[in-house]
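The structure displayed is predicted, hence computed values, not measured ones.
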Amino acid sequence: MPSILKNHQFLRLWGNQILLQVAFNMSNFTALLIIADRTHSPFVQAQFYTALTIPAIIFGFIAGPVVDMVERKILMLITDALLAVLFLLYLFAGSNVLFFLVIAFLTSGVARFFIPAEAATIPLLVDKKILNHANSFFLFTLMGSILLGYSIAGPLIQLFGGLGTVGEKVPFIVASIFLVIGFILRLSLEKVEFRKPDLPAGTVIVKTMHLFMQTVDEVVSNKRVSLSLALLVFVELMMGLLSVVLLEYVRIYLGLPITSITYVLIGPLIVGLFLGVGFLGKVEESMGRRKSIFIALIILGFLLSVIGISPIIVSLFDQSFLIIRAVAVISAFFMGILVVLIAVQARTILQLNANETMHGRIFSFLDVMIAFVTPIPVLLTGFLADSVSVLTTLIFAGGMVIALTYFSHKFILSR
């Protein structure tokens, strides 16, 4: 058994993270499915994703300083309770898209506090020798919970009648139950002592701005931190782009109901994610982090283009959906492995190289960066998919990933 699994404090924090993240993503995906079923518009779906990212701009500037200054156990308990209530409010949304957007905005606002609080607490609970293992577990959960939450939502909805019936309400109820269990786990977590940053004299606004500017200086001056943040932002951006495109891809080009995305794309992605964690150590030893991340990004862009171009090629020779489905399943599997190689290594580098007294602010700064970078590309992707085609959008996205990776890599090497 890995030594990290003998740390009871870590297990309590990790258990809560699993429940909270699965519940959060299950609720988000269910809401997205309902919106997609009502509107069949990637652009409207992109608005939902934007509602999830904008709160980072509003709350991200204060969330980091708050996390680094207050008792984290109490802060995390409050977030659990608030989210449990907000998930239940989805039950009353009906077909009102605006209501869905408002709740999404509020849940994301709460998330701005619990995500950096968890990330900043990890180094306080485990020995530095096994910090890489702890980071891998948490990042695996962070990524896997997206996939697991999506995987649970679809079958639950179908089991109780499907979209447009009581079945679409069940995931929200289950999510709230998960949060109650997580709240109990969080209560059993012992108080965690940590070093608080030095604060200047002045008002709360002055202190908050001082702490935020310290974080900006750390990001600008520490290249390992800035590059790791850029990679993690990229992963979040890709998740957002795919979330507003692939639902219609499944319906139109795979000939399946949109809830089937769980089986044909998300399931294989989960398997790839799991295997990727197992291969990560060997890949690091044989290639090194920089080379393995570069290769993973290039292959990821290629697979996006393959998913987009396969229906075009198959339609020239065969009208069957089977070949396109097979290509989608295989591509999703390998994309899961690639996401691990990119995101796990980036997070590990970030955790080990950021100033210890500002871990909460660094991860909150990551939220701010995601909020600034992702909404416009996601909205443009939804608009492009609506006005041109889903396939063109995927092919273009894959080409952009390859081009940006190549030129960015050349720039970094030249520096």
Side-chain angles (χ1 to χ4, degrees), residues 19-59 78-114 145-146 148-180 182-183 239-240 242-248 250-251 257-262 266 371 374-375 378-379 382 386:
L19 291 167
L20 189 150
Q21 291 285 358
V22 170
F24 187 76
N25 289 293
M26 179 167 55
S27 294
N28 287 342
F29 185 58
T30 301
L32 190 60
L33 284 174
I34 294 171
I35 292 173
D37 181 63
R38 304 293 197 271
T39 66
H40 297 296
S41 170
F43 184 57
V44 176
Q45 295 164 40
Q47 292 175 37
F48 178 81
Y49 182 82
T50 303
L52 289 172
T53 56
I54 286 178
I57 299 174
I58 300 174
F59 300 108
I78 293 173
T79 61
D80 281 358
L82 288 174
L83 285 175
V85 174
L86 289 170
F87 291 156
L88 288 178
L89 288 179
Y90 271 125
L91 298 176
F92 306 99
S95 297
N96 190 327
V97 173
L98 179 60
F99 198 97
F100 278 103
L101 297 180
V102 170
I103 300 176
F105 177 88
L106 294 175
T107 57
S108 181
V110 175
R112 304 287 65 80
F113 292 88
F114 79 72
S145 64
I146 298 174
L148 185 58
Y150 286 15
S151 298
I152 295 174
L156 276 177
I157 293 170
Q158 291 182 321
L159 180 63
F160 289 91
L163 292 170
T165 72
V166 68
E168 66 184 27
K169 299 180 182 293
V170 174
F172 299 128
I173 298 173
V174 173
S176 294
I177 294 173
F178 281 2
L179 263 296
V180 172
F183 185 89
M239 288 293 180
L242 293 176
S243 69
V244 302
V245 172
L246 289 183
L247 287 175
E248 289 302 295
V250 168
R251 184 178 68 87
I258 57 177
T259 51
S260 298
I261 192 174
T262 299
I266 297 176
T374 59
V378 169
L379 285 170
D386 265 354

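- Taking the six-membered ring where the residue is Trp, Phe172 and Tyr90 present parallel rings, their angle staying beneath 30° rather than reaching 60°.
- The structure places CG of Leu91 at 8.5 Å from CD1 of Ile103, a figure rounded to the nearest 0.5 Å.
- Taking CG of Leu20 as the reference point, atom CZ of Phe183 lies at 12.0 Å (rounded to 0.5 Å).
- The two atoms that bring Ala31 and Phe100 nearest to each other are CB-CD2, 3.7 Å, heavy atoms only.
- Partner Val110 forms a side chain to side chain contact (heavy atoms under 4.5 Å, CB included) with one of Val85, Asp80, Leu86 and no other, that one being Leu86.
- One distance of note links CG of Leu19 with CZ of Phe24; it measures 15.0 Å at 0.5 Å rounding.
- A distance-only check finds a donor-acceptor pair linking the side chain of Ser27 to the backbone of Ala23 [under 3.5 Å].
- Heavy-atom minimum distance, Phe92 versus Phe99: C-CE2, 4.3 Å.
- Taking 4.5 Å as the limit, some side-chain heavy atom of Pro171 sits within range of a side-chain heavy atom of Ile157.
- Proximity of Leu83 to Thr107: side-chain heavy atoms (C-beta onward) are separated by under 4.5 Å at one or more points.
- Of the residues listed (Ile58, Leu52, Thr50), the one engaging Phe105 in a side chain to side chain contact (heavy atoms under 4.5 Å, CB included) is Ile58, and it is the only one.
- Looking at heavy atoms from C-beta onward, Thr165 lies out of side-chain contact with Phe160 at the 4.5 angstrom threshold.
- Val174 is listed as a side-chain neighbour of Phe178, based on a closest heavy-atom distance under 4.5 Å.
- Remark: side-chain polar atoms of Ser176 are paired, donor with acceptor, to backbone N or O of Ala84 under 3.5 angstrom.
- Going from atom CD of Glu168 over to atom CG of Asp37 covers 7.5 Å, rounded to the nearest 0.5 Å.
- Contact check for Leu163 versus Ile34: side-chain heavy atoms found under the 4.5 Å cut-off.
- Looking at every heavy atom in both residues, Phe48 comes nearest to Leu101 through CA-CD2, 3.4 Å.
- Looking at heavy atoms from C-beta onward, Leu156 lies in side-chain contact with Met26 at the 4.5 angstrom threshold.
- Across all their heavy atoms, Ala51 and Pro55 have their closest contact at O-CD, 3.2 Å.
- How far OG1 of Thr30 is from CD1 of Ile173: 11.0 Å, rounded to the nearest 0.5 Å.
- With rounding to the nearest 0.5 Å, the separation of CG in Leu106 from CG in Leu89 is 8.5 Å.
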